[in-house]
Protein chains: 2
Amino acid sequence: MSEATSPESNRSTRDQILDEALRCFAEKGYEGTSLNDIAAGVGIRRPSLLHHFPSKEALYGDVFERLMSEWLERLDAAVAVPASGWDKSELVLRACLDLFAETPDYVRIMRREALDGGVHLGIDLSGVLRPFFDAAVQYLESQMAQGVFTQLDARHLLITGYGAILTYFSDAPFVDGLIDSDAMNEKNIRDHQEHVIGFFKAALLKS
Amino acid sequence: MSEATSPESNRSTRDQILDEALRCFAEKGYEGTSLNDIAAGVGIRRPSLLHHFPSKEALYGDVFERLMSEWLERLDAAVAVPASGWDKSELVLRACLDLFAETPDYVRIMRREALDGGVHLGIDLSGVLRPFFDAAVQYLESQMAQGVFTQLDARHLLITGYGAILTYFSDAPFVDGLIDSDAMNEKNIRDHQEHVIGFFKAALLKS
DNA sequence: TTGCCTACCTACCAGTAGGTAGTGGGTTAA
DNA sequence: TTAACCCACTACCTACTGGTAGGTAGGCAA
């Protein structure tokens with residue numbers, strides 16, 4: 001019937017595990033998540049989970065890899081769109097903001113990984129993003145040199161922007177308490193997006 | 001002699017534990033830190049540590065309380081200084097930036113707590129900061145209404161600023177890899193501080 | 001039928017977690 | 001001297017961790 005064939009149900013279970021692992025690692029961190037938690041969320045036992053992934057570390061690695069590749073894909077797509085000046089920056093900003101709004105768990109895992117200093121993986125988070133970072137620095141500096149953007153330290157500007165964007169999603173429960181409203185509801189997310197865009201526009205463009 | 005009296009040496013051990021616990025919780029998180037780690041760092045066994053603190057949770061609570069009270073103290077002091085307009089904002093910004101530069105472990109714990117949604121404590125992080133947040137919102141809005149500051153959403157502006165400031169410290173290892181330099185050395189920290197100040201000034205003041 | 005495969009299971013391993021009970025040395029004070 | 005207290009210790013508990021061993025049910029191909 002619908003899932004009689006073994007390859008189909010196989011992929012499905014594997015993906016269910018990846019989804020649940022993403023949720024758990026984002027929610028409770030690497031150390032705070034047990035394989036039992038993940039397995040229970042999928043409805044199987046731990047050994048069955050370990051049939052699909054050789055170890056906890058490997059599972060975490062796969063979750064993280066999927067996350068990074070999706071992010072880089074979006075970045076690539078945004079950069080490929082022909083545009084210049086502020087419009088270009090806005091395109092990239094929106095690409096990130098959209099992805100993070102769709103999957104805030106990505107943000108939470110990334111933050112945890114940055115906090116932990118990349119202990120759980122061989123992967124070097126900053127190394128993967130480095131090409132984009134360098135390209136962005138070059139772009140910003142050229143715009144500043146042409147007088148299009150306000151003169152600022154491009155590297156620090158990017159790090160500041162990274163923090164400004166991600167924090168809203170990663171610290172959503174904390175934000176909830178500050179604004180007395182669900183940070184992750186549609187309206188608030190849209191407000192955050194427009195605020196970030198407007199804020200950077202105000203800082204970078206002398207009106 | 002210098003530490004012969006029992007209350008003094010008691011306090012000393014207690015403080016050593018608090019210091020080591022701060023370091024460990026900041027470095028590896030609540031789940032990733034064992035009482036053995038902390039005890040070993042102080043040079044005692046776990047049961048001896050539990051003689052000074054009734055439980056891991058209580059120890060964590062004390063660490064966090066010390067942290068928050070120090071932060072609030074700094075904020076109070078900064079707010080008390082008579083100033084207005086941009087100068088006032090800069091005073092508060094610098095007070096936070098200075099504290100975080102002195103004790104980056106504070107920042108890392110706060111971020112972890114925000115990420116975990118305050119699971120490890122009864123304390124509600126956003127509740128404690130709420131009075132300052134509300135006061136800051138009021139101040140910013142009054143400045144915007146007077147045309148001193150650019151018109152922006154004050155709440156989102158504060159959250160953005162919070163993220164922009166803290167991220168540099170909390171994600172220092174990640175930043176290292178991006179800028180190819182030790183993010184926590186004196187010069188880079190100073191650069192970050194001046195960048196944040198300059199960035200907010202550029203966004204808030206129409207020049 | 002036979003044999004191999006996948007996907008799951010129960011049962012178990014060694015190791016470590018947080019926490020408790022009870023011991024004993026050292027200092028202090030009566 | 002004796003009694004008290006403080007503080008650190010060893011030894012132990014239960015619960016749970018990641019991971020493994022071995023077994024089983026069902027699908028599929030020769």
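Each chain gets a letter, A, B and so on, in the order the sequences are listed, and its residues count up from 1.
Rounded to whole angstrom, the span from the CZ atom of A/R45 across to the P atom of D/dT17 amounts to 14 Å. Between the CD1 atom of B/I17 and the C1' atom of D/dC7 there is a distance of 11 Å, given to the nearest Å.
With sequence neighbours excluded, the residues that form a side-chain hydrogen bond (donor to acceptor under 3.5 Å, both in side chains) with B/D116 are A/R112, B/H120. Under the rule for a side-chain hydrogen bond (donor to acceptor under 3.5 Å, both in side chains), B/Q138 has no partner lying at least two apart in sequence or in another chain. Under the rule for a salt bridge (Lys or Arg N to Asp or Glu O under 4.0 Å), the partners of A/R130 that lie at least two apart in sequence or sit in another chain are A/D134, B/D180. For A/S34, the side-chain hydrogen bond (donor to acceptor under 3.5 Å, both in side chains) test picks out A/D37, with sequence neighbours left out. Here A/E57 pairs with nothing under the salt bridge (Lys or Arg N to Asp or Glu O under 4.0 Å) rule; sequence neighbours left out.
In this model, the phosphate group of C/dA7 is approached by a side-chain N or O of A/H51 to a distance below 4.0 Å at OP1 or OP2. Side-chain N/O atoms of A/T13 include one lying less than 4.0 angstrom from OP1 or OP2 on C/dC8. Note on A/H52: a side-chain N or O is less than 4.0 Å away from OP1 or OP2 of C/dC8. For D/dC7, neither phosphate oxygen OP1 nor OP2 lies less than 4.0 angstrom from any side-chain nitrogen or oxygen of B/S48.
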> What does nucleotides 17-23 of chain C look like as a protein-contact string, B for base, S for sugar-phosphate only, - for none, at under 4.0 angstrom between heavy atoms?
Replying inline: SBBB---
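With B/Y162 as the aromatic partner, B/R111 meets the cation-pi criteria of under 6.0 angstrom to the ring centre and within 45 degrees of the ring axis.
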